[in-house]
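For reference, the structure is listed below as structure tokens.
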Amino acid sequence: MTLEEKILTPILDYFMSIVDIDKHVDNSRIKERIETIGRMQIMIYSNDHEPPHFHVKSKDNEVDAKFTIQDCTLLSGNIGIKDLKRIQAFHRDIKTQKVMEMIWNKRYRTGT
């Protein structure tokens, strides 16, 4: 176990125990809402394809994009520059990245 893992694991375990992750059924997949930023919801779907990524959507469908969990690269979709900057700022937090990685790995491995 690396020093980073020794430090972050208890913090992430605590964070995961209190974070409000909503689970919704969507076409036999489960989506977990990680965060809401303004009008945008950030979600990870179970049984989704590689590479590890998250979805960002707004109810009006003005924002509908996918980003890599690793480095927040835009994979596809539509998003304005202001909203893009908000997502990048959200992603910069190491705890955010680790939580999304943990959720992706758990969801992808188990498929539940």
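Put simply, Ile81 and Phe90 are part of the same group of oily side chains (I, L, V, M, F, W, Y) that touch within less than 4.5 Å, one to the next.
Within a 6.0 Å sphere centred on CD of Gln70, other residues, nucleotides and ligands contribute 12 heavy atoms or fewer.
The side chain to side chain donor-acceptor pair (under 3.5 Å) test applied to His53 returns Asp48, His55, not counting sequence neighbours. Partners of Thr36 by side chain to side chain contact (heavy atoms under 4.5 Å, CB included), not counting sequence neighbours, listed by chain and number: Arg33, Gln41. Take Asp93 and apply the side chain to side chain donor-acceptor pair (under 3.5 Å) test, not counting sequence neighbours, and it matches no residue. Partners of Asn61 under the side chain to side chain contact (heavy atoms under 4.5 Å, CB included) rule, at least two apart in sequence or in another chain, do not exist in this structure.
Nearest heavy atoms, Lys57 versus Asp64: CE-OD1, 3.3 Å. Closest approach of Tyr45 to Trp104, counting heavy atoms only: O-CZ3, 4.3 Å.
When atom types are taken as modelled, the side chain of Ser58 and the backbone of Met40 share no donor-acceptor pair closer than 3.5 angstrom.
Note: Ile103 CD1 to Ile44 CD1 = 5.0 Å, rounded to the nearest 0.5 Å. Atom-to-atom distance recorded for Ile87:CD1 and Glu35:CD is 9.0 Å, nearest 0.5 angstrom. To the nearest 0.5 angstrom, Thr68 atom OG1 is 5.5 Å from Leu75 atom CG. Rounding to the nearest 0.5 Å places CG of Asn78 at 12.0 Å from CG of Leu84. A distance of 10.5 Å separates CD1 of Ile79 from CD of Glu62, quoted to the nearest 0.5 Å. To the nearest 0.5 angstrom, Lys95 atom NZ is 13.5 Å from Met102 atom CE.
Among residues at least two apart or in separate chains, salt bridge (Lys or Arg N to Asp or Glu O under 4.0 Å) pairs with a member in residues 76-92 are Arg39-Asp83, Asp83-Arg86. Applying the ring pair (Phe, Tyr, Trp, His ring centres under 6.0 Å) definition to pairs two or more places apart or across chains, those involving residues 57-87 are Phe54-Phe67.
Counting heavy atoms from C-beta on, the side chains of His91 and Met100 come closer than 4.5 Å.
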